[in-house]
Structure formats: C-alpha cells, structure tokens
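Chain identifiers are assigned alphabetically (A, B, ...) following the order of the sequence lines, protein sequences preceding nucleic acid strands; residue numbering begins at 1 within each chain.
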Protein chains: 2
Amino acid sequence: MPRQVDHDQRRRQIAEAVWRLATCGGLEDVTLRQVAAEAGVSARLLQYYFGTRDQLLLGALEILNDDAERRARERLAMLGEAPGMHAVVRGVLLELLPLDAERRNRHLVYAAYFVRFLADPALAEVARAAPHALENLVAGLIAQGQELGQVSRDIDAAAEAAFLVAGADGIQATVLLGQRTPEEAVVLVDHQLARVFTAAIGG
Amino acid sequence: MPRQVDHDQRRRQIAEAVWRLATCGGLEDVTLRQVAAEAGVSARLLQYYFGTRDQLLLGALEILNDDAERRARERLAMLGEAPGMHAVVRGVLLELLPLDAERRNRHLVYAAYFVRFLADPALAEVARAAPHALENLVAGLIAQGQELGQVSRDIDAAAEAAFLVAGADGIQATVLLGQRTPEEAVVLVDHQLARVFTAAIGG
DNA sequence: ATTTTTATGGTGCGATCGAACCATAACACC
DNA sequence: GGTGTTATGGTTCGATCGCACCATAAAAAT
C-alpha cells in the first residue's frame, strides 16, 4: 500500500517546514501561510493533513520525537555488540548535544516549544516522558556498572545519572548559543564520565 | 527629581506585564494590545516608553537582567561576611534554580526568549555575557578553594565549574517542567558540591 | 459506469496585529 | 501668561492571521 507512505511523507514534508521555521524565529514565525510556503504546498493542505494550527504544532513535535528516538537507537546500535556501560552512557549523553545539524536543529525546536510545554497539556504529555526515561536509563546503566566493578560503590547512581543528564542538557544550551564548540562540549562530558567510570574511554 | 523615577517605574510596570505574558504563552502572546491590557495602560504608552515591539522585548529583557543581577548580589550578601568558597558557589548555583516565584518566572522568561537569542543580534549580546561570566566566577572560586585546601588539587577547576553551572541549568529546566521539586533540585546540587568541596555544607 | 473517497488548490471572512497619526491635559520655563 | 515639553488616550490603516468554505481532478469502490 503506497498510500500510507505518501501520507506520512507529506506529513513529514510539512513537519520539516515547521521545524525550519521554528528554529529560526520561534513558534511565532510558524504561521500557516509561512509553513505552506516553506513546504512548497498550499495552505489548504496543512488543514487537510493536520487540522488546526495547534494540532499542526503537536503533530510536528510527535514526528520529531519519533525521529529522535529512532536515530538514537541507530547510533547506539552502531557501538557494536556488548559495548560496555561507559560507551552506552556516553552515547546517550552525546545524543543530547548538538553535535551535528540534525541534533542541533532538533534541540532548537525543543527550545522553541519549551514554554508551551508548561501551558498546553497536550504538548506537556509528549515532552514529559522522554527526560525522565533518560535519567532512569542512565541510572540503570550506572548501577549495572557498579555490579560489574566498573563503577565505584560509593557513588549514588540515581543522583549521578540525574546530574549527568542535566549537565549535558545545560551544555547543549551553551553550544546552541555559540559559547562553546561541540568539541569542547564532548570533552566536558567525557571529563565527568571518566570520574564516574573507572575504566578508560576507549572500550 | 521624581520624573526619572516615574519614568522607570512606568517602564518596569510595562516590562512586568511582558514577563507575565511571556511566561504563560511565550513571546507570541506578547502582543502590544495584550501587554497594554495586562499592564493596565493604553497601547499608545508602549510606543511612548519603548518604541517598536522588538525594542519592547529588548527593553523588558534588559530590565529583567538588571533585576537578576541585583537580587543575586543581595542574596549573596545575605550569606554574611567571609562566607567561605563552598557557600558562595552554592549561592551562585542556587540562583539558577527556580526556588521561588521570582526566580521561576525569571527563568521562564529566559526560556521564552531563548530561540530569539540566536537570531536577533541585539538580544544575543544581552544574553551572551551572563553565562560565561558565571562559569568564570565559579571557576575562580573553586581555584581559590584549592589554594585554601578546601578543594582537592586533582580536580580541574574550569571543567568542574562549567559542568556545575550547566548541571544547575539543566536541573532548572526539569523543575520548570514539574519533573522535579525545588527541594530535590537543591539536594542534587548539594550532592555535587559535596563532592567538589571536602568540607561539610554548614559553613 | 457510476458513486464515493482521497488529495489538492483557491478564495474569502472576521479578527487581530504593529505602528503611524491626531488630540490634549499637565507641568515647566521664562 | 504665553509657550514649549512631557505624558497620556484614542483612532485608524494596511497587512496578516487562522480557518471555514467551495471546487475538482484522480483514484477506488461498487
């Protein structure tokens, strides 16, 4: 059935236009007419595929989230088999940094949506799940590292995971603002990881 | 001269209306008419005191920054004389957390402006200075702590300062999103501080 | 072959936006 | 007591917004 594919491709084409506009001028620049022009379709099509403007913003965010999760899984799979706790945690944290255009734009879009997350319940639900799941994932990996002797028993896995994720998130913002290069950001993350994991970086 | 006072009070009154609207719906809700209604003045007055809408957004941000710096100095001064490195660093980091309505609203406004920081050069300049200055301040305090024997010589002051500030910034976001209570945020920051500073919290 | 569904473009309407413009009290200055 | 300057309200205009509505070609279903 090529129909569902076409349908999803159209939605993606429109969603990408939303992202581009949001990264440049925030959500206030994401007007139906501008999105239509950016996507190269008629404004009527936005209504057809998404409905109202709020639903368009919500839909574009859902597609972005799906992309983020899929790409993260791909990159983690590229670490090879049995990658080791250190490498996996590193991979998760690096996913939060704007190391390439794709991740940079993704986090810019999240920033544009941020304030709306607090007011709009529908958006809040979409954004609520991800960060907490990330922390738990990292906490679990650190705890596993403790059982394998790669991490000291002295450290609090949950507290350390929360601060690592939060730190990566904060460093992300500084990179987006141009106050730090992506390379410097990676060095900072690795510095903290080296403290938590006794083994060296190269697995 | 009561005139300058009146002038600044009017600007502040209008700026506060901008902040309130920005925290609720982002910058797209900050329309001239809405700001005028929220501030209880006529729309004409916004033009009189700020000019165009862009200048209004810029002016409101400058007033917010002045407030932030002044309040931070006040709170740091409240630590008493000779507060110790640990307490000062803690005070700086806690200033980044939304521990009360004032700081919460302040960081919400920053979040609403964030994307625009990247596109608008005038706004970028206002936002560029603060974070880097904070990191350098914390790095200097940690280095002082090393000379006083309160901090181990093994740690990298600059790298640790950067990650502490970034971590506090990331934790701030989780608190704003309601994923963590302010109390939990303080615990997380203190956990990291206790690692860096060998002495106990209570100075 | 006809009828329904899908996919697309265009147009128009009421509301709102930013900003320029006009009017005028209140006060300052000489 | 004129005479500017400051501080304020109101009105209006062209542009744009979100969106409802209408038309229709292509495809699917019957």
Side-chain angles (χ1 to χ4, degrees), chain A residues 1-22 24-61 63 112-113 115-116 119-123, chain B residues 1-22 24-63 112-113 115-116 119-120 122-123:
Chain A
M1 71 292 270
R3 293 264 299 298
Q4 182 67 10
V5 169
D6 281 1
H7 189 269
D8 284 358
Q9 279 180 352
R10 264 283 195 248
R11 282 175 62 93
R12 166 168 302 271
Q13 172 191 5
I14 294 171
E16 286 173 358
V18 171
W19 304 339
R20 276 194 298 273
L21 291 174
C24 293
L27 289 194
E28 44 182 344
D29 278 13
V30 183
T31 157
L32 296 188
R33 285 171 172 83
Q34 289 220 47
V35 172
E38 177 76 22
V41 300
S42 84
R44 172 65 181 81
L45 233 62
L46 306 192
Q47 294 181 260
Y48 182 73
Y49 282 104
F50 288 94
T52 167
R53 179 175 180 259
D54 280 344
Q55 293 168 328
L56 170 63
L57 293 177
L58 174 60
L61 183 68
I63 295 177
Y113 274 77
V115 180
R116 190 166 273 238
D120 188 333
L123 285 181
Chain B
M1 72 289 271
R3 294 265 299 296
Q4 183 69 9
V5 169
D6 281 1
H7 190 269
D8 284 357
Q9 279 180 352
R10 263 284 195 249
R11 282 176 63 93
R12 166 167 302 269
Q13 172 190 5
I14 294 172
E16 286 174 357
V18 171
W19 304 339
R20 276 194 298 273
L21 290 174
C24 293
L27 288 194
E28 44 183 345
D29 278 15
V30 183
T31 157
L32 296 187
R33 285 171 172 82
Q34 288 219 47
V35 173
E38 178 75 24
V41 301
S42 84
R44 172 65 182 81
L45 235 61
L46 306 191
Q47 295 181 261
Y48 183 73
Y49 282 103
F50 288 94
T52 166
R53 179 174 181 260
D54 281 345
Q55 292 169 326
L56 169 64
L57 293 177
L58 174 61
L61 184 67
E62 287 172 341
I63 296 177
Y113 274 78
V115 181
R116 190 165 271 237
D120 188 334
L123 284 181

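Between the CD atom of A:Gln13 and the C1' atom of C:dA7 there is a distance of 13 Å, rounded to whole Å. Between the CG atom of B:Leu45 and the P atom of D:dT6 there is a distance of 15 Å, given to the nearest Å. Regarding B:Tyr49, its OH atom lies at a distance of 12 Å from the P atom of D:dT6, rounded to whole Å. Between B:Leu46 atom CG and C:dG18 atom P there is a gap of 10 Å when expressed in whole angstrom units. Across the protein-nucleic acid pair, A:Arg11 atom CZ and C:dT6 atom P stand 15 Å apart, rounded to whole Å. Spacing between atom CZ of B:Phe50 and atom P of C:dA19 amounts to 14 Å, rounded to whole angstrom units. Between the CG atom of B:Asp6 and the P atom of C:dA28 there is a distance of 12 Å, given to the nearest Å.
A donor-acceptor contact shorter than 3.5 Å links the side chain of B:Gln13 to the backbone of B:Ala39.
By the side chain to side chain donor-acceptor pair (under 3.5 Å) test, B:Arg20 pairs with B:Glu38, sequence neighbours left out. In this view, B:Glu62 satisfies the side chain to side chain donor-acceptor pair (under 3.5 Å) rule with no residue, not counting sequence neighbours. Taking A:Arg12 as the reference, A:Asp67 meet the side chain to side chain donor-acceptor pair (under 3.5 Å) condition, with sequence neighbours excluded. Qualifying ring-ring contact (aromatic ring centres under 6.0 Å, His included) partners for A:Tyr49, counting only residues two or more places apart in sequence or in other chains: A:His7.
Sequence neighbours left out, the pairs with a member in residues 43-53 of chain A that pass salt bridge (Lys or Arg N to Asp or Glu O under 4.0 Å) are A:Arg53-B:Glu28.
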How does protein contact run along nucleotides 14-26 of chain D, one letter per nucleotide 5' to 3', with B for base contact, S for sugar-phosphate only, - for none, heavy atoms under 4.0 Å?
---BBBBBB----
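Note on B:Tyr48: a side-chain N or O is less than 4.0 Å away from OP1 or OP2 of D:dA7.
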